[in-house]
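Okay, structure first, notes after.
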Amino acid sequence: MAYPNIDETLQLLKELVSIPSPSGNTEKVISFVEQYLKELDVETSRNRKGGLIATLHGRDDKKHRLLTAHVDTLGAIVKEIKPSGRLKLDLIGGFKYNSIEGEYCEIETSEGKKYTGTILMHQTSVHVYKDAGKAERNQENMEVRIDEVVHSAEEVQALGIEIGDFVSFDPRVQLTPSGYIKSRHLDDKASVALLLQLIKQIKSESIDLPYTTHFLISNNEEIGYGGNSNITPETVEYLAVDMGAMGDGQATDEYTVSICVKDASGPYHYELRKKLVQLAKDHQIDYKLDIYPYYGSDASAAIRSGHDIVHGLIGPGIDSSHAFERTHKKSIENTAKLLFHYLQSEMVL
């Protein structure tokens, strides 16, 4: 049985993570996805929040499925221009300042100008600051050193940089010979690449889906509400495709597809979870069941907003989530296989 081409998926993933898209500034990556789908002759539309909806019609148009993955990423916004000409940041998304210390970044002005910089502790130099290693990594101590000749707030403003400008982080993407994918923003661009490749296969092979299926490429997941709207009244099953979180006490790894049992929002739909497990068993797909204690998905956002749906969550296992992320092509492949069979299966209700 032919599955979506994993090497193509990885190259697409590399392109996606290389497009800056912090929550609130996702136009470029949404346009990239939109063009990709248009070339496949897929029906698309945008919602007012800036997300993208793609639709593939199935045999049953009275009951719909919806799958979602998000293109928005962690990032930051300029909070203050310091008298020194450096920038104070306000974070976008749930992560810690220590995870971006030393990171290269890009500042994009409202006029579209782009400047590079580095995120550093103010007290970085050990030759000057005795307690450089002990100082807290927080908003007061961390700043952006801009790669321009500036010595004051006025000189920075003369570049066009203002409070509210978006700051994105260098993804530093690498595909290793051993099959690992190292990059920021695998959460959740790995899943976006998976859905796009799946749509491509369905279109190119004229696969007949049992139900009309929508694919929501959301753009506000990292701030909590990307997937809580644009759900058709006919939607019965809603599957979020996002990362599987790894760490102490977690079953998820970098080689299997993670099927979420429960996250911070509560348990996912029991029958859908059992159905996903059975599909994995039937098709020899390596999987792990897991609980993510400090996690919420677009599916849980949809439930919270009052939608009467059957909700689930799966995704590739991602190490060091919201920091220097990594997964393996085996995890991408197992997730692709489960999605492929899920889309052609019968609903649980």
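Excluded from the calculations below are hydrogen atoms, water molecules and symmetry mates; all remaining heavy atoms, backbone and side chain alike, are included.
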Give a yes-or-no answer on whether the side chains of [X] and [Y] include a donor-acceptor pair shorter than 3.5 Å.
{"X": "Ser23", "Y": "Asp72", "answer": "yes"}
{"X": "Thr235", "Y": "His64", "answer": "no"}
{"X": "Tyr292", "Y": "Ser297", "answer": "no"}
{"X": "His328", "Y": "Glu254", "answer": "no"}

* **Residue that, paired with Arg65, satisfies side-chain hydrogen bond (donor to acceptor under 3.5 Å, both in side chains) out of Tyr238, Tyr342, Tyr211** =>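 Between Arg65 and the candidates, side-chain hydrogen bond (donor to acceptor under 3.5 Å, both in side chains) is satisfied uniquely by Tyr342.
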* Mark yes or no for whether Ser152, through its side chain, and Glu155, through its backbone, hold a donor-acceptor pair below 3.5 Å. =>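 Pair found, side chain donor or acceptor close to backbone of Glu155.
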* Asked: Is the His122 ring parallel, tilted or perpendicular to the Tyr129 ring (thresholds 30°, 60°)?
  ->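 Answer is tilted, since the angle falls between 30° and 60°.
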Euclidean distance, [Y] [atom2] relative to [X] [atom1], rounded to 0.5 Å:
{"X": "Gln278", "Y": "Lys281", "atom1": "CD", "atom2": "NZ", "result": "6.0 Å"}
{"X": "Lys200", "Y": "Leu37", "atom1": "NZ", "atom2": "CG", "result": "11.5 Å"}
{"X": "Asp253", "Y": "Lys330", "atom1": "CG", "atom2": "NZ", "result": "10.0 Å"}

* To do: Sort out for me which residue in Asp263, Asp187, Ile314 forms a side-chain contact (heavy atoms from CB on, under 4.5 Å) with Asp242.
  =>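 Testing Asp242 for a side-chain contact (heavy atoms from CB on, under 4.5 Å) against Asp263, Asp187, Ile314 leaves exactly one candidate, Asp187.
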* Could you check Lys189 against Glu15 for salt bridge (charged side-chain N to carboxylate O under 4.0 Å, His left out), going step by step and ending with a plain yes or no? => CA-CA 10 Å; Lys189 290 182 176 179; Glu15 289 186 78; over 6 Å; no
* To do: Would you mind checking if Lys329 and Asp7 are paired as a salt bridge, meaning a charged N to carboxylate O distance below 4.0 Å?
  =>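 Yes, Asp7 and Lys329 are salt-bridged.
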* Asked: Under a 4.0 Å N-O cut-off, is there an ion pair linking Arg46 with Glu27?
  ->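 Between Glu27 and Arg46 there is a salt bridge, with a charged N closer than 4.0 Å to a carboxylate O.
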Do other residues, nucleotides or ligands put more than 12 heavy atoms under 6.0 Å from the [atom1] atom of [X]?
{"X": "Lys274", "atom1": "NZ", "value": "yes"}
{"X": "Arg59", "atom1": "CZ", "value": "yes"}
{"X": "Asp308", "atom1": "CG", "value": "no"}

* To do: Can you run down the salt bridge (charged side-chain N to carboxylate O under 4.0 Å, His left out) pairs that involve residues 74-87, sequence neighbours left out, and say none if there aren't any?
  =>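 Residue pairs with at least one partner in residues 74-87: Glu80-Lys88, Lys82-Glu143, Arg86-Glu143.
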* Tyr225 six-ring centre to Arg304 NZ/CZ under 6.0 Å and within 45° of normal ->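 No, cation not above the ring by the 6.0 Å, 45° rule.
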* Please say whether the positively charged group of Arg184, taken as NZ for Lys or CZ for Arg, lies over the ring of Phe324, i.e. under 6.0 angstrom from the six-membered ring centre and within 45 degrees of the axis. =>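 Because its charged atom sits under 6.0 Å from the ring centre and within 45° of the axis, Arg184 does stack over Phe324.
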